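Here is the naming used below: chain letters follow the sequence lines, and residue numbers restart at 1 for every chain. Only heavy atoms go into these numbers, but all of them, side chains included; no hydrogens, no water, no symmetry mates. The shown structure was predicted, so the numbers you read here are calculated from the model rather than taken from an experiment.
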Amino acid sequence: MRILLIEDEKNLANIIKKGLQEEGYSVDVAYDGEEGLYMAENLPADVIVLDIMLPKLDGLAILKTIRKKGIKTPVILLTAKDAVLDKIKGLDTGADDYLTKPFEFGELLARIRALFRRIGEQKSPVIIIDDLEINTASHKVKRAGKKIDLSPREYAILEYLAYNKDRVLTRIEITEHIYDESFDLDSNIVDVYINYLRTKIDKDSDKKLIHTIRGTGYMLASR
Amino acid sequence: MLNSIKSKLILWFLSVFSILFLGLGIFLYYELKDIAIGSVDSHLHSETQLIASLIEVERGEVELELKGAAIGDYALPFSGHYYQIVSSDNNIIVKSPSLIDKSLPFATEKISQALTILGPKGEDLRLMNHPFELPTGIVMIQAAESLEDIYRLLRSFRNIIIVTFPILFILSGAGIMIITGMSLKTLNIFSRKVSAITEKNLNERIEEKDVDKELKLLATSFNNMMARIEDAFIKQRQFLSDASHELRTPTSVIKSYCDVTLKKERNKNEYEEALTVIRDASERMALLIQKILDVARFESKNVLLKKEIVDIGQILSNAYKLMRPLANEKGIEILLQDGKEMNISGDRERLAELFINLLDNAIKYNKKDGRVVLSSTVKDGFAVITISDTGIGIPAEHFNKIFDRFYRIDKSRGSVSGTGLGLSIVKAIVDAHGGKIEVKSKAGEGSEFKIMLPAIRE
């Protein structure tokens, strides 16, 4: 899952980025409004974490512009104002959620997960595909009740596939959503990780859940 | 009770009413008495004239014969109508039958006069003495009439006064109560409005058109006062909201660093980095709090200037010396021109703070190899201090906002550490000294701040 963070206070941006990366997300950061708008329009992000008070272009203006252009990426607003009117204005402009600074980092994570579930029309934090259980809150994965240990990257790819279960994802889509912009998209790293995942998840089971769709990409499905 | 306007008005009115009414009653009583007695006197006088005209002297004997209508009440015993004629040697020559065996007291002086005496029945009589010359010598004609009728008249007049006074007192008291109640109604509207005011409805005003003419001025001043209070309150609330907003950023840096760092075991470098950021953020918070308190103190006028006669040239030169190392460090040239002596009445520390703040800005927002020039002169009774720089300048549309609290031209300047409070403190100090501050600037070329402080004339 790839998150775009638009926040001008460098220290805050750095620590949020670090915290999100440790959760297995890939994170792109923009430090002002103009850069933020450019990245929101051009990078494939799954969630945008957007500060309201930004130099050059404020957060609400960015939100308005991207919504006008039909970009439906979920947006969490961060703001130092807790006036109710500001919240209403933010939500009316097209934000999906709202956090007032200073916030609990765990709360930011929980809200991001909630937005991911919304994309996958998933109500529970636990995604179940056949006998595979993925707990998106604790990052614990089980197959037929047996715990499976995954590296953060493996988990990120599995989670992305799971949120989009029964849907074919191209290699480029997967790469874009798992890695941030510094990554070389031509690499065959996705194939490598899919192989690791197959070994850990499908090898001991008769039913294969990870499917290769020739010429297109991969899909997680119980068929 | 007595400190209410209504009861005071009623009390005043009723006292004045009572004094006037009773005074008028007493005056009329005595006036009526005078008039009544006067009419008795004139009646008695014509009686004496009548008696005199009926006197006949026959053979040295004085005779008086009253007949028919003329005798009237004089014939009835003790009827209250009497006469007698007394000779000059105090012998009663003739007297009215009504006197029976009594007589009227003799006149002590031989002149015509009227007086009140005690009658034969112990009642008050009005007696008229009238000396009359006869061929036999001067006789005194005396006619008297009882005052009972007059007294009865006066008594009923007095009774009317006594009975009508309390009735009128009560009626007019009630009337004045209604009238004062009506005219004080507007005051009640006022007091209801005033007592209903809390911090939540400071925008309430009294409708001036609903108020009586006499209270318009009060309504206007009340509304003006409310407008000032509301304005101050809004400013205060804005300040509080701005201040908390400013404090949230460093707070969220600290909180996020703690949250993320505490999530798992870290190495030494990570802990050091986190603690350094946290320390910087808390230093920034401390600075902000200090500045916020400074501004708040200035705004609430709690800071009394320790005014003394100070030499502005001296303060400028001190500020210059203090800031020169910082300028040099940044490769900026700083110049002090015209260090002439100029005395003003001011607070030495605050004035130093003023110039240091401005010089700090001039250095902070300068370009590499830039320059800051400090100059001072006296003009029209003002010490004029100019601080100009070759810095990044201020776009014209920001001129009237730069002195606002927490106003920053561009948040990207947040990288240059600032609180957004420096210039509002500068403005507060200038205002407290009764001075003026002006700014001229061109984006990209530099800014010039001109401060005018009232100088002491020598």
Is B:K427 atom NZ crowded by more than 12 heavy atoms from other residues, nucleotides or ligands, each under 6.0 Å away? no
Do B:T261 and A:F105 touch side chain to side chain, with heavy atoms closer than 4.5 Å? no
Return yes when atom CZ of B:R371 has more than 12 non-hydrogen atoms of other residues, nucleotides or ligands closer than 6.0 Å, and no otherwise. no
More than 12 foreign heavy atoms under 6.0 Å from NZ of A:K200: is that the case here? yes
Taking atom NZ of A:K18 and atom NZ of B:K263, what is their separation to the nearest 0.5 Å? 11.5 Å
Verify the neighbour count for atom CD of B:E265: are there more than 12 heavy atoms of other residues, nucleotides or ligands below 6.0 Å? no
Is it the case that more than 12 heavy atoms not belonging to A:K142 sit under 6.0 Å from its NZ atom? no
Heavy-atom pair of closest approach, residues A:I15 and B:S256: CG2-CB, 3.5 Å
Salt bridge or not between B:R284 and A:E9? Use side-chain N to carboxylate O under 4.0 Å. no
Determine whether more than 12 heavy atoms belonging to other residues, nucleotides or ligands lie under 6.0 Å from atom OH of A:Y196. no
Donor-acceptor contact below 3.5 Å, side chain B:R248 vs main chain A:K101: yes
Given a strict heavy-atom distance threshold of 4.5 Å, which part of A:N11 is in contact with chain B: side chain, backbone, both, or neither? both
Under a 4.5 Å heavy-atom cut-off, does chain B meet the side chain of A:E104, its backbone, both or neither? both
Segment of A:E107 engaging chain B (4.5 angstrom heavy-atom cut-off): neither
Among A:N14, A:I16, A:L12, the one residue meeting side-chain contact (heavy atoms from CB on, under 4.5 Å) with B:Y257: A:N14
Is it the case that more than 12 heavy atoms not belonging to B:F399 sit under 6.0 Å from its CZ atom? yes
Given heavy-atom pairs under 4.5 angstrom as the criterion, report whether the side chain, backbone, both or neither of A:L109 touches chain B. side chain
